[in-house]
Amino acid sequence: SQKIEQNSEALNIQEGKTATLTCNYTNYSPAYLQWYRQDPGRGPVFLLLIRENEKEKRKERLKVTFDTTLKQSLFHITASQPADSATYLCAPAGGSYIPTFGRGTSLIVHP
Amino acid sequence: DAGVIQSPRHEVTEMGQEVTLRCKPISGHDYLFWYRQTMMRGLELLIYFNNNVPIDDSGMPEDRFSAKMPNASFSTLKIQPSEPRDSAVYFCASTPASGGQNGETQYFGPGTRLLVL
């Protein structure tokens, strides 16, 4: 069955450093992969989408990579700020083109 | 645009009672999704609609759950009878669909926090 793995342990980093979050998937080949941010008590908010034929996508301080051989996506936040503290969900989309969400990784940026 | 609207925001009920959750998608969006989020299982897709028609309900846990979309601007998720294990946050999301292959963004509502005692 399809499986999406994100680090269950919270990632703690110091303000100004680069945060790197990992998303691994197995048993399918997504046509694209999305990343969402979720704050406590709120619904997920879309951040970035990367397609299977793209290696890297950037948006301001955010960067996403997509390695279809490793079946992995990395999500980077450079020059992190306390306001970046949230849970980040990856969501690969397979043949149905409907994304399936991972359980998310909590990021805590310390001032 | 007001975004996806869900009601109620919080619901506390007793086991065995009927629960109805409501969702108004963003105007013009063709797809509507219902999700359930728990600490244990994360964000699970329950059912989704395309142009008011249910496409995939394989995520609906059991017959106690049902969903309808009578028109493009309204959908309900009903649980009858409710059980304590149904306690979760239920999200509705919608997406414009110029073709699913384009990877359209999902726009989530604020969620309904359900507690079944």
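All heavy atoms count here, side chains included; hydrogens, waters and symmetry mates do not. The chains referred to below are lettered A, B, ... by the order of the sequence lines, with proteins before strands, and numbering in each begins at 1.
Around CG of A/Asn27, the count of heavy atoms belonging to other residues, nucleotides or ligands within 6.0 Å exceeds 12. Within 6.0 Å of CD on B/Glu62 lie more than 12 heavy atoms contributed by other residues, nucleotides or ligands. Annotation: A/Glu15, atom CD; neighbour count of heavy atoms from other residues, nucleotides and ligands within 6.0 Å is above 12. Within 6.0 Å of the NZ atom in B/Lys68, the count of heavy atoms belonging to other residues, nucleotides or ligands does not exceed 12. Heavy atoms from other residues, nucleotides or ligands lying under 6.0 Å from CD of A/Glu60 number 12 at most.
In the hydrophobic clustering of ILVMFWY residues, with side-chain heavy atoms under 4.5 Å counting as a link, B/Phe74 and B/Leu77 come out apart.
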request  = Report the C-alpha distance between B/Tyr107 and A/Phe46 in whole Å, list the side-chain angles of each, state the deciding distance to 0.1 Å, and finish with yes or no for side-chain contact (heavy atoms from CB on, under 4.5 Å).
outcome  = CA-CA 7 Å; B/Tyr107 296 83; A/Phe46 172 79; over 6 Å; no
request  = Decide side-chain contact (heavy atoms from CB on, under 4.5 Å) for A/Ile98 and B/Leu45; before the verdict, give the C-alpha distance in whole Å, the side-chain angles of both, and the deciding distance to 0.1 Å.
outcome  = CA-CA 10 Å; A/Ile98 303 299; B/Leu45 177 64; 3.9 Å; yes
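Ring pair A/Phe101/B/Tyr35: centre-to-centre distance below 6.0 Å.
Interatomic distance, CD of A/Gln38 versus CG of B/Leu43, reported as 7.0 Å (0.5 Å rounding).
Shortest non-hydrogen contact noted between B/Phe91 and A/Arg42 is CZ-O, 3.6 Å.
Heavy-atom distances place the backbone of B/Arg41, and not its side chain, under 4.5 Å from chain A.
Using modelled atom types, one finds no donor on one side chain facing an acceptor on the other under 3.5 Å when comparing B/Gln106 with A/Gln34.
The candidate from B/Met39, B/Glu44, B/Arg113, B/Gln37 with the greatest count of non-hydrogen atom pairs under 4.5 Å with chain A is B/Gln37.
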